[in-house]
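Worksheet for the structure shown next.
For ligands, and for the atoms within them, numbers begin at 1 and follow the listed sequence.
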Amino acid sequence: MSEKIYPVEKATKAKALIDKDKYDKWYEESIENPDKFWGKHGKRIDWFKPFTKVKNTSFKGKVSIKWFEDGQTNVSYNCIDRHLKTHGERTAIIWEGDNPYIDKKITYNQLYDQVCRMANVLKKHGVKKGDRVTIYMPMIPEAAYAMLACARIGAVHSVVFGGFSPEALAGRIIDCQSTFVITCDEGVRGGKPVPLKENTDTAIRIAAKQYVTVNKVLVVRRTGGKTNWAPGRDLWYHQEIATVKEHCEPVKMKAEDPLFILYTSGSTGKPKGVLHTTGGYLVYAAMTHEYTFDYHDGDIYWCTADVGWVTGHSYLVYGPLANCATTLMFEGVPNFPDQGRFWEIVDKHKVNIFYTAPTAIRSLMGAGDEFVTRSSRASLRLLGTVGEPINPEAWNWYHEVVGNKRCPIVDTWWQTETGGHMITPLPGATALKPGSATKPFFGVQPQLVDNEGNVLEGAADGNLCIIDSWPGQMRTLYGDHDRFVEAYFTTYKGKYFTGDGCRRDEDGYYWITGRVDDVLNVSGHRLGTAEVESALVSHNLVSEAAVVGYPHNIKGQGIYCYVTLMAGNEGTEELRQQLVKHVRQEIGPIAAPDKIQFSPGLPKTRSGKIMRRILRKIAEDDFGALGDTSTLADPGVVDDLIANRQNRS
Ligand code: WTA
C-alpha cells in the first residue's frame with residue numbers, strides 16, 4: 001500500500017463544486033440532520049407531487065427503507081423531458097461503434113422521440129406498470145431507450161449482461177417472471193458477432209420448462225445477421241416504432257415504486273435480484289454523478305461500463321442523463337482494433353471525464369505506453385475507477401501516463417446494492433492516496449467491526465458495515481424480503497454488512513481490502529463461488545467441486561477450481577477443457593475457470609465441511625503455513641493437493 005499523498009491541485013479546487021470546507025459542513029449536516037439535508041437535495045429532481053416526508057428507515061427487525069415516500073415523480077421525465085426547453089438540441093448520447101469509423105450523436109429531443117416510441121410499443125403489446133421486462137442488449141443506444149421506456153410507463157426492467165449465457169438469462173427471466181424480452185439480432189464486440197437473439201430463443205425454451213412463458217420479444221436489428229423468427233412472438237423494433245405515436249405521457253410513480261431489478265452474485269445460492277426504487281435512487285445517482293465527477297454543464301463524460309452492470313445503470317444512463325450531461329456509450333472493447341482505442345475515442349470526442357475499471361487499466365498498462373502517448377488526451381480533466389481495489393502501480397500509471405499527472409483520480413467504492421458511490425474522493429475536497437477510496441459520501445456512515453461484531457475505532461482493520469440508510473440503497477431482494485434481511489442485516493445485527501473487508505488509517509481514509517465472503521471479483525465482475533461450483537457439478541462426470549479465488553495480475557482474482565470426478569474417471573487435459581467450456585455455457589465467458597485441479601479428495605472436517613481456508617492457501621501457492629489441519633477427517637488429502645497444485649510461481 002502506498003502512503004504517498006496527492007493534495008488537491010489549485011486549478012482543480014478553483015473550479016470545483018465542493019471544496020474541503022463545504023465537504024466537511026455538508027457531511028456533518030447529512031449525518032446530524034438527514035431530513036434537512038436530503039429534504040434539500042431531494043429537490044434536485046422534479047416531482048409531480050412534492051414529498052413532505054424525507055427519511056423513514058429502519059435496519060432493525062424486518063428492515064424497512066423508504067425515502068421521499070409521499071412524493072410522485074418519473075425517472076424518464078427527469079432524464080429527458082425536463083431538459084427539453086433549454087437543452088433539447090444538446091447531445092444526450094454519443095455512441096461510438098465497435099467499428100472505429102461508425103458513431104452517432106443523439107440529442108435530447110431525439111432521445112425523447114425514441115423513448116416515447118419504445119414506451120408506446122411496450123404499451124401496445126400489453127406491458128403495464130409493475131410488469132417485469134428483461135433487457136438483453138449490447139451497448140447500443142436502444143439499450144438506454146429500453147430502460148428509459150420502461151421507467152416511463154412504470155415497468156420494472158431487469159437488464160441482463162449480454163455476455164451471460166442462455167442458462168443464466170433463463171434463470172433471471174424465471175426469477176422475476178418476466179414475460180417480455182427486449183434484445184437484438186446480434187451484438188458486435190471486437191469485430192465478432194454475439195448471438196443475442198439465438199441465446200434469447202434458447203433461454204425462452206428453458207424458461208418454458210419452468211412454466212414461465214415469454215409472450216413477446218422485441219428485436220432491434222443491429223447486424224442484419226440471420227435469426228430464427230417466431231411469428232406472433234417476435235417483433236422487429238424498427239417496424240413497431242413506425243406504427244406508434246411519438247408522444248407518451250410519463251406515468252406518475254410513487255417514490256417507492258420499483259424502478260429496476262438487477263441480479264448480482266452473493267456468497268450462497270443463485271444470483272440475487274437487487275431491487276431499486278424510483279425517487280431515492282435517482283436523487284442519489286444524479287447527486288453522486290455531479291459531485292464525484294465534479295460534473296460541469298457541457299462536460300463530455302464517458303463511463304466504459306456495460307449497461308448490464310450497476311455502473312452502467314447509475315453512471316452511464318440515469319445519473320448523467322438526470323444531470324443533462326452528454327454521456328458516451330462505447331459498443332466495443334479496449335483492445336480493438338488495438339490497445340490504443342480508449343485514448344483514440346477520448347481525442348475523437350474530446351472526453352473530459354473518463355471512468356473505467358482497474359482491470360482495464362492493468363491490461364492496457366501491460367500493452368505499453370506508446371498506445372497511450374500517441375494520443376493527446378488534452379481534453380481529459382478527471383479520471384475515475386470502480387469495481388475492485390486498484391493497486392498503486394496501476395494507479396500511478398493511470399495518473400502519470402494516461403492523465404499526464406494533471407487529472408485527479410476518483411477511486412469510487414460502491415456496490416450493486418448501494419445504488420451509487422459510497423466511499424469516494426471528491427476532486428476539489430479530498431487529497432488522494434493511491435489505492436484508497438478515501439472518505440464517505442454525504443449521508444454515508446461506514447463502521448468497521450471485528451468478526452464478533454465489536455465496533456473498531458480509529459485506525460483499524462475489519463469488516464465494513466454502514467450503520468444508517470442513504471437514498472440510493474436497495475430496498476429488498478425481488479420477491480424475497482427474508483433473504484434480504486438475512487443476507488445483509490443479520491451478520492451484524494441492525495447494520496448493513498457490505499461483505500467487504502476494509503482498513504481505516506490514521507487520517508480516517510478507507511482502504512477496501514476485498515471480499516471477506518465467498519464472492520469473487522474477476523475483472524471487476526462479481527461472481528459467487530457457489531455459482532461456479534453448481535455449474536461444475538451439473539456436468540455428469542463431476543461429483544464434487546470447490547471454487548476459490550487467487551491473485552491474478554490482470555483480472556485481480558482468477559478462478560481456481562478443485563474438482564472431484566465420479567469414480568472410474570480420469571482427469572485428462574481434454575476433460576479439463578470440456579469443463580471450462582461447460583462453465584462458460586452455464587454462466588458465461590466471465591466465469592471460465594483459470595485453473596482446474598483434479599483432486600480425489602477435498603479437505604473436510606469430520607462433520608463434512610470443506611475447509612476453504614486451506615484450499616485458498618494452496619491456490620495462492622502459499623502452503624507453508626496452512627495452520628491447524630488436525631481437525632480434518634483425512635489430513636492426507638492436503639499433501640496430495642499440494643503435490644498437484646496448478647498455480648506455481
Ligand atoms: C468491489 C460495482 C475496491 C467490492 C460498483 C464491492 C471495490 C464489489 C471498489 C461490488 C473500489 C467496487 N475499491 N473494491 N473502488 N468498487 N469494489 O456489486 O468488493 O458489481 O463489494 O458493484 O466490488 O461489486 P458490484
Side-chain angles (χ1 to χ4, degrees), residues 1 159-161 163-164 260-267 271-276 284-285 288-289 292 303-316 318-319 355-362 383-392 394-395 398 409-425 430 432-441 444 446 463-466 472-474 477 487-488 491 496-504 509-529 531 549 555-557 590-591:
M1 279 183 201
V159 182
V160 178
F161 174 53
F164 276 128
F260 67 84
I261 301 166
L262 186 56
Y263 287 88
T264 190
S265 297
S267 52
K272 303 186 280 199
V274 167
L275 185 97
H276 282 286
Y284 199 74
T288 45
H289 172 263
T292 302
C303 162
T304 68
D306 193 281
V307 285
W309 310 113
V310 74
T311 310
H313 284 58
S314 300
Y315 299 112
L316 179 73
Y318 290 124
Y355 189 36
T356 196
T359 185
I361 299 166
R362 284 193 298 268
L383 303 171
T385 72
V386 57
E388 48 177 326
I390 181 163
N391 46 315
W395 196 100
Y398 198 29
I409 298 177
V410 288
D411 173 354
T412 61
W413 173 83
W414 60 295
Q415 309 178 296
T416 306
E417 292 87 341
T418 70
H421 302 148
M422 297 291 282
I423 301 183
T424 176
T430 322
L432 306 172
K433 298 187 187 186
S436 169
T438 75
K439 301 266 185 169
F441 192 77
V444 174
N463 303 304
L464 178 61
C465 295
I466 312 290
Q473 182 173 26
M474 72 184 288
L477 285 170
Y488 300 105
T491 319
Y496 169 77
F497 177 43
T498 64
D500 278 319
C502 182
R503 179 170 77 89
R504 186 173 46 219
Y509 275 51
Y510 289 87
W511 303 71
I512 306 296
T513 51
R515 302 288 303 199
V516 293
D517 52 9
D518 290 321
V519 171
L520 304 176
N521 194 326
V522 181
S523 302
H525 302 321
R526 261 169 84 163
L527 210 52
T529 51
E531 282 168 78
K555 296 176 165 185
Q557 267 188 315
I590 55 165

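- Remark: the Q415 side chain and the T498 side chain contain no N/O donor-acceptor pair separated by less than 3.5 Å.
- Less than 4.0 angstrom separates some heavy atom of V386 from each of these atoms of ligand 1: 5 (C).
- For Q415, a nitrogen or oxygen atom sits less than 3.5 Å from a nitrogen or oxygen atom of ligand 1, counting backbone and side chain alike.
- Regarding atom 18 (O) of ligand 1, its nearest protein heavy-atom neighbour is T416 OG1, 2.6 Å.
- Polar contact check, G387 against ligand 1: a nitrogen or oxygen pair lies under 3.5 Å apart.
- Side chain of T424 to main chain of K439: no donor-acceptor pair is present (N/O by atom type, distance under 3.5 Å, no hydrogens or angles).
- Looking at ligand 1, you'll find an N or O of D411 within less than 3.5 Å of one of its N or O atoms.
- Using modelled atom types, one finds a donor on one side chain and an acceptor on the other under 3.5 Å when comparing E417 with Y488.
- Protein heavy atom at the shortest distance from atom 5 (C) of ligand 1 is W414 CE2, 3.5 Å.
- Proximity of the aromatic rings of H289 and Y318 is defined here by a centroid distance below 6.0 angstrom, and this criterion is not met.
- Not a single N or O atom of T311, backbone or side chain, sits closer than 3.5 Å to an N or O atom of ligand 1.
- In terms of heavy atoms, V522 sits closest to I590 at CG1-O, 4.2 Å.
- Distances below 4.0 Å separate heavy atoms of T412 from the following atoms of ligand 1: 9 (C), 11 (C), 15 (N), 16 (N).
- Using modelled atom types, one finds no donor on one side chain facing an acceptor on the other under 3.5 Å when comparing T430 with Y509.
- Checked against a 6.0 Å centroid threshold, the rings of W414 and Y284 do not count as neighbours.
- Of all the atoms in ligand 1, the ones that sit under 4.0 Å from a non-hydrogen atom of N521 are 1 (C), 23 (O).
- Closest protein heavy atom to atom 20 (O) of ligand 1: R526 CD, 3.6 Å.
- For P389, heavy-atom contacts with ligand 1 shorter than 4.0 Å involve the backbone as well as the side chain.
- Taking any N or O of D500, backbone or side chain, at least one lies under 3.5 Å from an N or O belonging to ligand 1.
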Is there a side-chain hydrogen bond (donor to acceptor under 3.5 Å, both in side chains) between T311 and Y355 once you walk through the steps? CA-CA 10 Å; T311 310; Y355 189 36; 5.4 Å; no
